[in-house]
Protein chains: 2
Amino acid sequence: MQPLYTQNIKDFRSRAAVMKALGHPARLMVVDVLARGERCVCELTDLLGLDISTVSKHLRVLKKAGIVSDDKRGKQVFYSLRMPCVLRFFECLESVLAQG
Amino acid sequence: MQPLYTQNIKDFRSRAAVMKALGHPARLMVVDVLARGERCVCELTDLLGLDISTVSKHLRVLKKAGIVSDDKRGKQVFYSLRMPCVLRFFECLESVLAQG
DNA sequence: TCTACATTTTGCCATTTCGCCAAACGAGGA
DNA sequence: TCCTCGTTTGGCGAAATGGCAAAATGTAGA
């Protein structure tokens, strides 16, 4: 039997890694905020209301997936959105979610 | 401090649920195949090389998230893609993944 | 150097996820 | 009705995830 899918397994794995990274409310909030400019970890921590170590872990997940990038300047680390097309996908989501 | 994100928490939760459902290679393969037409569970099972019960569970996850819909005809259940805009997002992913 | 600050890492625990197997369910057909 | 086929559900163990707290790291300033 020949494969019916158009991509190979590795492609699916790397895509799934990105999706998985976006599959948490806290990380989606981070993406939403970073869409309007870079933020340091402390700002994101205040925003999310989670322990800073927890936020740091979420950021590591996003970074590993290639969704955000970090830039250390002085004592602070600034994160910014590296994948702005994510935002367009949210519109697609909304339309489907609206249907119920 | 006022919230800096543009959506409310519930929006992020429902979005995250969709992303999470897409965050598994097997489920992405299903989406890829269904993009070209409906398939019964048995076909998808052959395709993925997983136990049929495992595939059924993956399909339930996708259905619950609103990504696919099912249609029982006779003994078989046919699944089809309800969110074709997912495919456009994959192009976005590719471009970012290509950068490393 | 010592201290303070921002962030990351580690450890721990509760919860969830993913795979298989076995059992149950539901629709035909004999 | 009984049997079979296609699918779903339940249960299990191994592994991953998410949260906090504590310890470690690194940078700047006194």
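Naming: A, B, ... by sequence-line order, numbering from 1 per chain.
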Point to revise | Criterion side-chain contact (heavy atoms from CB on, under 4.5 Å) on B/Ser69 and B/Lys63, from CA distance to verdict | key: CA-CA 6 Å; B/Ser69 58; B/Lys63 184 185 168 188; over 6 Å; no
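- At the phosphate of D/dG19, OP1 or OP2 sits under 4.0 Å from a side-chain N or O atom of A/His58.
- As rounded to whole Å, 12 Å separates atom P of D/dG29 from atom CD of A/Gln76.
- Rounded to whole angstrom, the span from the CZ atom of B/Arg27 across to the C1' atom of C/dG19 amounts to 12 Å.
- The residue B/Lys20 sits close only to the backbone: its heavy atoms come under 4.0 Å of sugar-phosphate atoms, none of a base.
- Considering every non-hydrogen atom in both B/Lys20 and B/Arg27, the closest pair reads O-NH2, 3.4 Å.
- In terms of heavy atoms, A/Thr54 sits closest to A/Leu50 at CG2-CD1, 4.2 Å.
- Atoms CZ (A/Arg60) and C1' (C/dA6) sit 17 Å apart, rounded to a whole Å.
- Note on ring orientation: taking the six-membered ring where Trp is involved, the planes of A/Phe89 and B/Phe89 are parallel (angle under 30°, cut-offs 30° and 60°).
- Between the P atom of C/dT8 and the CG atom of A/Leu62 lies a distance of 12 Å, rounded to the nearest Å.
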Exercise for review: Begin with the C-alpha distance, continue with both residues' side-chain angles, and end with the deciding distance and a verdict on side-chain contact (heavy atoms from CB on, under 4.5 Å) for B/Arg39 and B/Leu34.
Suggested key: CA-CA 7 Å; B/Arg39 296 278 176 183; B/Leu34 295 185; 3.8 Å; yes
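- Distance, A/Met19 CE to C/dT17 C1': 18 Å, rounded to whole Å.
- If you take CG of A/Leu48 and C1' of D/dG18, they are 13 Å apart, rounded to a whole angstrom.
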Could you write out each protein N or O paired with an N or O of nucleotides 21-30 of chain C at a distance under 3.5 Å?
from	atom 1	to	atom 2	distance (Å)
C/dC21	N4	B/Ser53	OG	2.7

Review point. Does the side-chain contact (heavy atoms from CB on, under 4.5 Å) test come out yes or no for A/Phe12 and B/Asp32, once each step is laid out?
Key: CA-CA 9 Å; A/Phe12 288 117; B/Asp32 187 81; 3.7 Å; yes
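- Rounding to whole angstrom units, CG of residue A/Leu59 and P of C/dT9 are separated by 11 Å.
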Practice item. May I have the step-by-step check of side-chain contact (heavy atoms from CB on, under 4.5 Å) for B/Glu43 and B/Tyr79, ending in yes or no? Key: CA-CA 10 Å; B/Glu43 284 176 303; B/Tyr79 281 83; over 6 Å; no
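- One atom, OH of B/Tyr79, and another, P of D/dG6, lie 16 Å apart when rounded to the nearest Å.
- Distance from the side chain of B/Val41 is smallest for D/dT7 among the nucleotides D/dT7, C/dT8, D/dG19.
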